[in-house]
Amino acid sequence: MTSNPSDNTTLTSVLAGYASSGFDADFSSRDDSVIECLTCGTMLPASQYTIVSLRRLEGASDPDDMMAVVAVTCPTCGAQGVLVLGYGPMASAQDSDILVALRDGRGDDTLEADASPSDTSDSERS
């Protein structure tokens, strides 16, 4: 069960929450809906990646700062990490195409489906 994140949730705290749960690798978006695993250097179509968890940040002070922090696992080397993408009307076409192409695997109980581990209160982690 997750608590309601405040409007002051920062990207830094969301990334730290995922990292503390073992999702500490980095991924990068590339042209043509490709994701690069920065651990092994493999570049694969986004459709070969599965979303483990997704946390949206909606920019309380600036609505143009809409971001999606997507927890994924590299299909090649198994590195677990996050990919930060823009979403909404101000997102790049590249980021939007990747979000659409990713397979949705949320609900496998690896992580909360729509929250970062830092959004879960300490009493709920036991």
Side-chain angles (χ1 to χ4, degrees):
M1 175 177 234
T2 60
S3 60
N4 291 328
S6 74
D7 288 341
N8 297 321
T9 302
T10 65
L11 176 60
T12 302
S13 68
V14 169
L15 294 175
Y18 279 120
S20 71
S21 292
F23 284 77
D24 55 358
D26 293 314
F27 295 85
S28 183
S29 61
R30 299 290 182 224
D31 291 334
D32 300 321
S33 299
V34 168
I35 296 174
E36 179 181 8
C37 172
L38 299 180
T39 299
C40 69
T42 300
M43 289 193 259
L44 296 170
S47 61
Q48 292 189 26
Y49 282 83
T50 301
I51 299 171
V52 175
S53 175
L54 184 146
R55 172 64 161 88
R56 295 184 310 165
L57 295 169
E58 298 186 3
S61 62
D62 183 355
D64 290 344
D65 288 340
M66 296 169 71
M67 290 181 283
V69 181
V70 185
V72 296
T73 302
C74 177
T76 301
C77 72
Q80 295 180 317
V82 295
L83 176 66
V84 179
L85 301 167
Y87 78 93
M90 301 306 290
S92 70
Q94 175 179 313
D95 285 357
S96 295
D97 290 346
I98 287 175
L99 276 171
V100 168
L102 288 164
R103 293 180 295 187
D104 191 349
R106 293 175 292 172
D108 67 1
D109 296 329
T110 301
L111 291 175
E112 291 283 337
D114 295 313
S116 75
S118 59
D119 291 336
T120 305
S121 70
D122 290 332
S123 64
E124 294 169 339
R125 290 183 186 162
S126 52

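In what follows, every heavy atom counts, from backbone to side chain, and hydrogens, waters and symmetry copies are set aside.
- The distance from atom CG of Leu57 to atom CE of Met67, rounded to the nearest 0.5 Å, is 5.0 Å.
- Contact detail for Ser33 and Asp97: the closest heavy-atom pair is OG-CB, 3.3 Å.
- Nearest heavy-atom pair across Tyr87 and Glu58 is OH-CG, 3.1 Å.
- Residues Ser53 and Phe23 fail the side-chain proximity criterion, which asks for heavy atoms closer than 4.5 Å.
- Summarising the local packing, CG of Asp104 is surrounded by more than 12 heavy atoms from other residues, nucleotides or ligands at distances under 6.0 Å.
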Quiz prompt | Stepwise side chain to side chain contact (heavy atoms under 4.5 Å, CB included) test for Val82 and Val14 | solution = CA-CA 10 Å; Val82 295; Val14 169; over 6 Å; no

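- Closest non-hydrogen pair, Asp95 versus Ser29, comes out as OD1-OG, 3.5 Å.
- Contact detail for Leu102 and Tyr49: the closest heavy-atom pair is CD2-CB, 3.6 Å.
- Residue Glu36 holds its CD atom at 10.0 Å from SG of Cys74, rounded to the nearest 0.5 Å.
- Interatomic distance, CG of Asp32 versus CD of Gln94, reported as 8.5 Å (0.5 Å rounding).
- Expressed to the nearest 0.5 Å, how far CG of Leu85 lies from OG of Ser96 amounts to 9.0 Å.
- Residues Met43 and Leu38 fall into different hydrophobic clusters, defined by Ile, Leu, Val, Met, Phe, Trp and Tyr side chains chained together at heavy-atom separations under 4.5 Å.
- Of all non-hydrogen atoms in Thr76 and Leu44, the two that sit nearest each other are OG1-CD1, 3.7 Å.
- Atom CG of Leu83 is separated from atom CG of Leu99 by 8.0 Å, given to the nearest 0.5 angstrom.
- Proximity of Gln80 to Phe27: side-chain heavy atoms (C-beta onward) are nowhere separated by under 4.5 Å.
- Minimum heavy-atom separation, Ala25 to Ala79: CB-CB, 3.9 Å.
- Distance check, rounded to the nearest 0.5 Å: CD1 of Ile98 to CG of Asp31 gives 9.0 Å.
- Tracing side-chain contacts under 4.5 Å through hydrophobic residues (I, L, V, M, F, W, Y), one never reaches Val34 starting from Val72; they form parts of separate clusters.
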